[in-house]
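Structure first, commentary second.
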Amino acid sequence: MSADTCTIGLLGHGTVGSAFADLVAARADDITRITGRRPQIGGILTRSLGDADAILAGSDIVVELMGGVETARDLVLRALRSGTPVVTANKQLVSRHGPELAQAAREGGVALRYEAAVAGIVPVVRVLGESLAGAQVDRVHGIVNGTTNFILSQMAATGATYADALREAQELGYAEADPTEDVSGADAAAKMAILARLAFGHWVHLDDVVFEGIEHVTADDMAYARQFDLALKLVGTAERVGDGLSVRVHPAFLPVGHPLASVDGPFNAVTIESAAITEITLSGPGAGGPQTASAVLGDVVSAMIGAPGPPEPHAPAVIGSGVASAFYVHLEVADRPGVLAQVAERLGLQGISVKSVIQDGLGETARLVIVTHTVSEQDFAAALDLIRALDVVRAVRAIRVIDEHFS
Ligand code: HSE
């Protein structure tokens with residue numbers, strides 16, 4: 001360590017870690033001009049190489065890109081407590097251990113930064129934590145998983161089935177051999193927990209986030225979406241509900257004019273709504289070695305110039321109930337007179353108003369596809385139970401519709 005250099009201890013040397021090491025070398029001259037110190041990688045810890053104790057002791061900044069939770073947690077806590085600033089891209093660590101990490105950072109008098117943990121290079125952590133600190137945020141919607149957005153975009157563009165689009169995502173390297181973390185919504189849930197913390201100033205644990213994945217989306221749903229002028233995305237939502245917060249991830253239809261509806265392929269985007277500012281949308285590559293490494297290096301520069309880290313809340317979130325949504329309902333029914341009336345009556349009993357209906361005869365059976373106006377999720381679930389109990393109904397599935405327009 002010297003006054004002219006900034007020694008970076010790099011924990012992890014996979015796709016992002018090696019891209020980060022390359023980027024530090026490539027950008028060192030410019031960063032020296034910005035910060036007055038030359039960044040250099042001092043030591044690298046991999047699964048089989050490197051001495052963690054020596055790296056922690058000899059670093060001005062620690063960059064954690066190893067993934068996993070327990071080892072990363074131990075090393076990050078030790079670095080913070082001993083007064084070394086830490087930059088991480090580890091969404092699991094940040095979404096599970098926020099208060100403990102913040103306490104360690106306070107003890108060491110340094111900051112933990114995690115811009116790359118959410119939406120890759122899209123600078124949403126900074127925007128929520130700093131630029132929008134003056135606006136009361138009401139809601140955040142995000143497409144925060146590139147793999148699922150690629151799969152859904154391919155299904156919409158080509159009529160492919162979920163299985164075929166997933167296979168293509170794997171062949172192109174977007175999806176892992178085991179895609180569960182992405183397609184189940186779990187990856188997006190961790191990112192939404194972090195965004196909710198920044199948007200509302202309360203700790204939101206990953207376990208507070210309800211999530212559903214895209215595994216059950218069909219090519220039919222995509223075809224009907226086109227007829228209703230809707231786009232189907234895996235959407236994370238964090239919003240105020242009564243005196244609490246609701247943070248959730250699920251497939252949702254968006255009106256084609258919604259800022260997130262046109263975000264296709266492996267891109268990420270986040271829409272932040274506030275009565276004071278209407279909405280802003282940030283979008284860009286949400287993954288990839290060089291892109292994520294760039295977000296990490298941005299955090300390193302912030303640490304080098306001594307900028308404050310993201311604001312940390314002091315109180316846990318109260319998880320609210322009473323979420324409202326519009327719904328798309330897809331029913332396979334017997335093709336007989338009066339069936340549509342029976343279904344409409346069950347919706348009406350729960351005060352649910354129908355916005356549009358498409359009916360297709362298929363011979364013995366018919367398909368009814370209904371889009372409702374916004375209703376309480378509880379009332380909708382009760383109506384769905386009544387509809388499922390009808391003997392003319394063979395299959396039902398429902399997907400939420402985010403019925404918001406901005407002007
Ligand atoms: N697997 C994630 C995605 C990127 O597909 O967006 C890392 O969080």
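We count ligands from 1, going down the list as the structure has it; atoms in each ligand are counted the same way.
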Judged by heavy atoms only, the candidate from L234, D187, T147, T292 nearest atom 5 (O) of ligand 1 is T147
Quick one: which ligand 1 atoms are inside 4.0 Å of a heavy atom on K91?
7 (C), 8 (O)
Give a yes or no on whether a salt bridge exists between D208 and R197, defined as a side-chain N under 4.0 angstrom from a carboxylate O.
no
Side chain to side chain donor-acceptor pair (under 3.5 Å) evaluation trace for T218 with D220:
CA-CA 5 Å; T218 68; D220 268 354; 4.8 Å; no
Can you label the angle between the Y328 ring and the F228 ring as parallel, tilted or perpendicular, going by 30° and 60°?
perpendicular
For ligand 1, note which part of N145 has a heavy atom under 4.0 Å away: side chain, backbone, both or neither.
both
Would you mind running through ligand 1 and noting each atom that sits below 4.0 Å from a heavy atom of G146?
3 (C), 5 (O), 6 (O)
Examine the side chains of Y224 and D360 and answer whether a donor and an acceptor come within less than 3.5 Å of each other.
yes
Decide whether T148 and N145 meet the rule of one side-chain donor and one side-chain acceptor closer than 3.5 Å.
yes
Is K191 touching ligand 1 with its side chain, its backbone, both, or neither, if touching means heavy atoms under 4.0 Å apart?
side chain
Report yes if D182 has an N/O atom closer than 3.5 Å to an N/O atom of ligand 1; otherwise report no.
yes
Determine, using ring centers only, whether F211 and H250 are less than 6.0 Å apart.
no
Mark up the atoms of ligand 1 that fall under 4.0 Å of a heavy atom belonging to A287, in ascending order.
4 (C)
